[in-house]
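The next block holds one structure in the form of structure tokens; read it before the comments.
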Number of protein chains: 4
Amino acid sequence: MDFNNQHPIFMQIAAMIMDSILEKEVHAGERIQSVRELAGHVQVNPNTVQRAFSYLQDQGVIFNQRGVGYFVSDDAFDKIKSLKREEFIKEFLPELFRRMDHLNISIDDLKQYKA
Amino acid sequence: MDFNNQHPIFMQIAAMIMDSILEKEVHAGERIQSVRELAGHVQVNPNTVQRAFSYLQDQGVIFNQRGVGYFVSDDAFDKIKSLKREEFIKEFLPELFRRMDHLNISIDDLKQYKA
Amino acid sequence: MDFNNQHPIFMQIAAMIMDSILEKEVHAGERIQSVRELAGHVQVNPNTVQRAFSYLQDQGVIFNQRGVGYFVSDDAFDKIKSLKREEFIKEFLPELFRRMDHLNISIDDLKQYKA
Amino acid sequence: MDFNNQHPIFMQIAAMIMDSILEKEVHAGERIQSVRELAGHVQVNPNTVQRAFSYLQDQGVIFNQRGVGYFVSDDAFDKIKSLKREEFIKEFLPELFRRMDHLNISIDDLKQYKA
DNA sequence: GTGGTCTAGACCACC
DNA sequence: GTGGTCTAGACCACA
């Protein structure tokens, strides 16, 4: 976790979980780590992990079975993709184009910075 | 000012001043509005403007003449440009490329979103 | 705290913290008192302590872990030493030599004043 | 004048005048520049020069003849010397030794910094 | 008039 | 609980 980051830690954790689903490390229907396990793993307050899970549940990426744990939704993969796509286009791109205008950078200019 | 914004108001004010310098509305060596004047204009507390000015002074964009006011630095223009460029390249671009990789979007694909 | 001092209170607090690091009362990586705790101890407004912490964070002496508190940087000790050394050599010494010249005092003459 | 200096401008002006007396550019009994002349000279608000003159008058370095101007006191030279000496020993030296202790610098070490 | 500092008290996101 | 920001209002040195 990056504690000196503009992104809240709980969102960093949510992103981490979504990435592990995209990378097929966990599959639809599988149980994910418990709040406490994950909290111990990433050295974070359990409340923070809980908040990440709640967020993912709200987004329909995971679901909760009381007393058992959290599981990956069947359509988690597509949900995540469309979530990321929407956020990228609606929130990230406008900011990108705004900044590029200010700095007189064209889209083709970006290629030189691409690692 | 956008009071319901993730960016703090004092940073919005700082950005506003930097923009007015980039737009050549105020030039190097010129005095800018006093803390109290600007606070009245943008309807915020003088302390908030003060904080924006202190930030800009730390960045070398403006300087203070005691009892007189704040003035635009001689190299303010370049300072601002390099400040913005650095932030863009070091903080914004890595995030951009990370997201594009996840979404399988190429740099050329961006052109279709450009207004 | 000395409230009738030419140095602002928030700088006195910053100096106090740096001294406690130099004196090894707190070590690298350790958490320091919270804003509110310290404010209570030294009988000042929390905002004033906050300002001291922000200054020290800008200088890289301490860092923040969100929702948890402030911690001493790994290289705080060296940072403080070099901060003080630089200030001494660049701002204090020239003034010293200027005054000594005016008063016809040599460096060796200083020894007689040393307690 | 150095407007970005910890020393107040009126004290810088007072020091300037005292220096010109020490350098024998003006002699005891001679009239010095008027407030307005000097203010124009150093590009400063006349109030600021006035304040420097008042300070010097308080210290007995100059005296005022109403409607005519300010004149250098007969014992200005000695007054200035002892003023500077006293300030140096009572205010400057303790600070010097305090800082040198913190930085583990000895009096002999100073010689290497002497231009 | 100017900026610089401080207090008191509030609200917020986050852990 | 933590720090971060903001307001309101005050006092100060300085120009």
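For clarity, every value in this text was computed on a predicted model and none was experimentally measured. Atom set for the values below is all heavy atoms of this structure, side chains included, hydrogens, waters and symmetry mates excluded. Just so it is clear: chains get the letters A, B, ... in the order the sequence lines come, proteins before strands, and each one is counted from 1.
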Residues which pass ring-ring contact (aromatic ring centres under 6.0 Å, His included) with B:Phe77, listed by chain and number, not counting sequence neighbours:
none
Tell me, please, which residues at least two apart from A:Arg36 pass salt bridge (charged side-chain N to carboxylate O under 4.0 Å, His left out).
none
Those residues at least two apart in sequence (or on a different chain) that pass salt bridge (charged side-chain N to carboxylate O under 4.0 Å, His left out) with C:Asp2 are none
May I ask you to check whether C:Phe92 and D:Phe92 place their ring centers less than 6.0 Å from one another?
yes
[X] [atom1] to [N] [atom2], straight-line distance once rounded to whole Å:
{"X": "B:Asp2", "N": "F:dC6", "atom1": "CG", "atom2": "P", "value": "12 Å"}
{"X": "C:Ile62", "N": "F:dT2", "atom1": "CD1", "atom2": "P", "value": "15 Å"}
{"X": "C:Phe53", "N": "F:dT5", "atom1": "CZ", "atom2": "C1'", "value": "17 Å"}

5' priority, DNA chain E, between A:Asn45 and B:Gly69 [closest heavy atom]:
B:Gly69
Can you confirm whether [X] sits close enough to [Y] that some side-chain heavy atom of one is under 4.5 Å from a side-chain heavy atom of the other?
{"X": "C:Glu30", "Y": "C:Glu25", "value": "no"}
{"X": "D:Asn45", "Y": "B:Val68", "value": "no"}
{"X": "B:Met1", "Y": "B:Met16", "value": "yes"}
{"X": "C:Pro8", "Y": "C:Met11", "value": "yes"}
{"X": "D:Met18", "Y": "D:Leu83", "value": "yes"}

May I ask you to list the residues of residues 25-38 of chain C, by number, that have any heavy atom positioned under 4.0 Å from an atom of DNA chain F?
C:Arg31, C:Ser34, C:Val35, C:Arg36
Of residues 5-14 of chain B, the positions that come close to DNA chain F - non-hydrogen atoms, cut-off under 4.0 Å:
B:Pro8, B:Ile9, B:Phe10
Using every non-hydrogen atom in the two residues, find where A:Ile13 and A:Thr48 come nearest and quote the distance to one decimal.
CD1-CG2, 4.2 Å
Hey, does the side chain of [X] come within less than 4.0 Å of [N]'s phosphate (OP1/OP2), counting only N and O?
{"X": "C:Arg66", "N": "F:dT2", "value": "no"}
{"X": "C:Thr48", "N": "E:dT7", "value": "yes"}
{"X": "C:Gln50", "N": "F:dG4", "value": "yes"}
{"X": "D:Arg51", "N": "F:dA15", "value": "no"}
{"X": "C:Tyr55", "N": "E:dT5", "value": "no"}

Between F:dG4 and C:Asn64, counting only base atoms on the nucleotide and side-chain atoms on the residue, is there a donor-acceptor pair under 3.5 Å?
no
Please state whether the base of F:dG4 and the side chain of C:Asn47 form at least one donor-acceptor pair under 3.5 Å?
no
When you measure from the side chain of A:Lys79 to the backbone of A:Ser73, do you find a donor-acceptor pair of N or O atoms at a distance under 3.5 Å?
no
Is D:Arg99 close enough and on-axis enough to C:Phe88, meaning under 6.0 Å and within 45°, for cation-pi?
no
Requiring both pairing distances under 3.5 angstrom, list the stems that contain DNA chain F and are made of three or more consecutive Watson-Crick or G-U pairs.
E:1-14 with F:1-14
Starting at the 5' end of DNA chain F, which residue's closest nucleotide do you reach first, B:Phe3 or D:Val44?
B:Phe3
Most 5' of C:Tyr70 and B:Gly67 on DNA chain F, judged by nearest nucleotide
C:Tyr70
